[in-house]
Amino acid sequence: MQATDVGIQDVDNAQLIQLAQDYMEHLQTGENSQAMEAFNALSELQSQQRESQESEQGLYQEVGKLTRELHESINDFMQDSRIQTMMSDDMPDARQRLNHVIELTEQSTHTTLTAVESSSSIISVLQQRASELQQNFNGHIKSDENSSALSGLAEELDAFLLFVSKDAKKVANDLNEILMAQTAQDLTGQVIQRVGMLVQEVEKNLLMLLQLGGEQVQKNGAENQSGFKRNNSGYGPAVPGAEKGDNVHSQEEVDDLLSSLGF
Amino acid sequence: MMDKNMSILVVDDFSTMRRIVKNLLSELGFTNISEADDGKTALPILEKGGIDFLVTDWNMPGMPGIELLKAVRANPDLKSMPVLMVTAEAQREQIMEAAQAGVNGYVVKPFTAETLKEKVDGVFARLES
């Protein structure tokens, strides 16, 4: 780039010199109109040179101004105390909260599956026994035409066994529905994992930006309040490892605290 | 042949999904089921021998299902093992990659019990023909 600049300058200077010489020569030979032409060309070339120098300067000034403005913007951004709190408290907790969500849904799903498995096996036995009983029943007691009282009971029992068979099947189907609905824990868990990775990326980049401005970020302990607590909206569920303030861990602790205060 | 007593390995990093698949397979009559939580832990189990059918997820942190599939196909002792993928991965190019790597069936999550039965049957029907 520089070589070319010098080259252009050389050419321009050579041109200036040439035009100056032409001017002198024409003056000396009395060719006044040609002298005037040479003079005008010389003047034109010189002002062009000056213009390009000025515009270059203008460009540097503009870049300088933008750099200052950018620096001020970054400073203002980082002075914002909200950013400080976010970086020191909220961001490190975000991933823990997301992981906690996955753990909670996993536990809940396993509990549900245990209940589903247990109920399914009970229903299956019920279906089978009702069906067996009905077959035996139809074979024996119904064939006894002599007892009319028994016959009435037989009708009822027959109907009941049929009812149990059908409804047991419905329950079995519902339990299957509950089973399949639990697949959502896997899908939501996978989505949450990816959000967690995104949060980590954002945190990393924000940290770099802060360090760029020379700000130190300390990760504060449980004594500090979360930036998210506004008005009286509370802290949300306690997340192990990301606990804010001083929270209890069971109903027992609540009761103990209240009774110790005299309630 | 689809022997109800065949030994099945279910691989997924979510324990809840493994449990659901195990339940569904047991409803279809398959009760000889073992589990692994990653391609990395599944491969040694397969290499040890004794598994007749592999049901695997794709997205797992250590070794993804596609790598497990390729490892199985590359192993002379395992290369003809029937493999069913059960996964949330639904990009066309992934499905094609699995097919090219030799998967026998591909179930996309969320799925129904009927779909799983259909695909399991399908895997063995195709193998028999």
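The chains referred to below are lettered A, B, ... by the order of the sequence lines, with proteins before strands, and numbering in each begins at 1.
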Worksheet item: Looking at A:M180, A:H110, A:Q193, which makes the most heavy-atom pairs under 4.5 Å with chain B?
Response: A:H110
Fill in: Main-chain N/O of B:R19 paired to B:N23 side chain as donor or acceptor, under 3.5 Å
yes
Worksheet item: Does B:D57 come within less than 4.0 Å of B:R18, counting only side-chain N to carboxylate O?
Response: no
Discussion item. Testing the 3.5 Å rule here: is there a donor-acceptor pair between the side chains of A:E177 and A:N173?
Written reply: no
Item to complete: Please name the pair of heavy atoms, one in B:P82 and one in B:L127, separated by the smallest distance, quoted to 0.1 Å.
Response: CB-CD1, 3.5 Å
Worksheet item: Contact part of A:S108 toward chain B, heavy-atom cut-off under 4.5 Å: side chain, backbone, both or neither?
Response: neither
Practice prompt. Counting only heavy atoms closer than 4.5 Å, note whether B:T112 contacts chain A via side chain, backbone, both or neither.
Written response: backbone
Discussion item. Under 4.0 Å between a side-chain nitrogen and a carboxylate oxygen: does that hold for A:D174 and A:K170?
Written reply: no
Worksheet item: What part of A:L113 lies closer than 4.5 angstrom to a heavy atom of chain B: side chain, backbone, both or neither?
Response: both
Practice prompt. Find the one option among B:A113, B:A88, B:S15 whose heavy-atom pairs under 4.5 Å with chain A are most numerous.
Written response: B:S15
